[in-house]
Trainee: 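Before anything else, here's the structure in question.
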Amino acid sequence: MSLTEQQQAKLDKIQLDASWKNALSDFLLSAKMDDLKQFLLTEKHADKIIYPPNSLIFNALNTTPFNRVKVVILGQDPYHGPNQAHGLSFSVQRGVALPPSLRNIFHELNTDLGIPVPKHGDLTHWAEQGVLLLNAVLTVEAGQPTSHQKRGWEDFTDHVIDALNEQCEHIVFILWGAYAQRKGQRIDQNKHLVLKAAHPSPLSANRGGFFGCKVFSKANNYLKQNGIEPINWQLDA
């Protein structure tokens, strides 16, 4: 796509990795993106606290460039408590107590691969290796779960999934829970591996279908079968 100077200037203002700007330029320059930005500005002008902070809204995409994605773990919304959300699905910053879903993810990691349960919940090490930790909605109002749904983020992240689906091969998509699985219906399973299980939240996980899903070993086996370096899922040295 050939861009005008005005369009290029508009893209330059977005704090997003160049590889993703290239893959998502159509949406980033669309009226839908303008509407989404206006919504966020209105919320901030109303003195609402929004998580994560501006600089970390695109943290998942900035930490895992488009051409380095090996695995996608799809979440729903950012955490809505203080100091939790930092732009990576299911991840929390060091020093923050582990949310119940993340505790269950670490339990499954331990039973699947024998990796000791990490002492912190910062999943940046996964993201740096090619695990795109993508929430379907990238912002939330403090203390108000799902408050930014249906404001435009779902369209944005659909374009993220479509770009990966269409332009890449042999990506592992990990879809926990009905919400992620509905969003993943657009993925071509002839080109990619789709792993489905129950959501790791206590209510869903304890009903069955999450514990024992072995997504970590299945993902690595698929990557190795296709000549791709597997993920080192261990977070602690």
Trainee: For the hydrophobic clusters of this structure (ILVMFWY residues joined by side-chain heavy atoms under 4.5 Å, transitively), does one cluster hold both V140 and W153?
Mentor: no
Trainee: Within the 3.5 Å criterion, strictly below it, is a donor on Q8 or D12 matched to an acceptor on the partner's side chain?
Mentor: yes
Trainee: State whether D34 and K10 are salt-bridged, where the test is any N-O pair (Lys NZ or Arg NE/NH1/NH2 against Asp/Glu carboxylate O) under 4.0 Å.
Mentor: yes
Trainee: For L175 versus G184, what's the shortest heavy-atom pair and its separation?
Mentor: CD1-CA, 3.8 Å
Trainee: Would you confirm whether the ring centroid of H80 sits within less than 6.0 angstrom of the ring centroid of Y51?
Mentor: no
Trainee: Quick check on the 6.0 Å ring-centre criterion: do H86 and Y79 meet it?
Mentor: no
Trainee: Given T139, which of L56, L40, L36, N54 fulfils the side chain to side chain contact (heavy atoms under 4.5 Å, CB included) condition?
Mentor: L40
Trainee: Please say yes or no: joined through hydrophobic side-chain contacts below 4.5 Å, possibly via intermediate residues, are V71 and F106 part of one cluster?
Mentor: yes
Trainee: For H199, which of Y179, F90, W176 qualifies under ring-ring contact (aromatic ring centres under 6.0 Å, His included)?
Mentor: F90
Trainee: Hydrogens and angles aside, do T111 and K214 bring a side-chain donor and acceptor to less than 3.5 Å of each other?
Mentor: no
Trainee: So which atom in P118 and which in L235 form the shortest heavy-atom distance, rounded to 0.1 Å?
Mentor: CG-CD1, 3.8 Å
Trainee: If you take all heavy atoms of D77 and T146, which pair is closest and at what distance?
Mentor: OD2-CA, 3.6 Å
Trainee: What heavy-atom pair brings N104 and S201 nearest, and what distance separates the two atoms?
Mentor: ND2-C, 4.0 Å
Trainee: For the pair H170 and K70, evaluate side-chain contact (heavy atoms from CB on, under 4.5 Å) and give the outcome as yes or no after the intermediate values.
Mentor: CA-CA 8 Å; H170 308 312; K70 301 177 182 180; over 6 Å; no
Trainee: CG/L123 to CH2/W233 distance, rounded to the nearest 0.5 angstrom?
Mentor: 9.5 Å
Trainee: How far apart are the closest heavy atoms of E154 and K183, and which atoms are they?
Mentor: O-NZ, 3.1 Å
Trainee: Just checking, is any N or O donor in the side chain of N135 or S89 under 3.5 Å from an acceptor N or O on the other one?
Mentor: no
Trainee: Is the count of non-hydrogen atoms from other residues, nucleotides or ligands lying under 6.0 Å from K32 atom NZ greater than 12?
Mentor: no
Trainee: Are I50 and I57 co-members of a hydrophobic cluster defined by side-chain heavy atoms under 4.5 Å apart?
Mentor: no
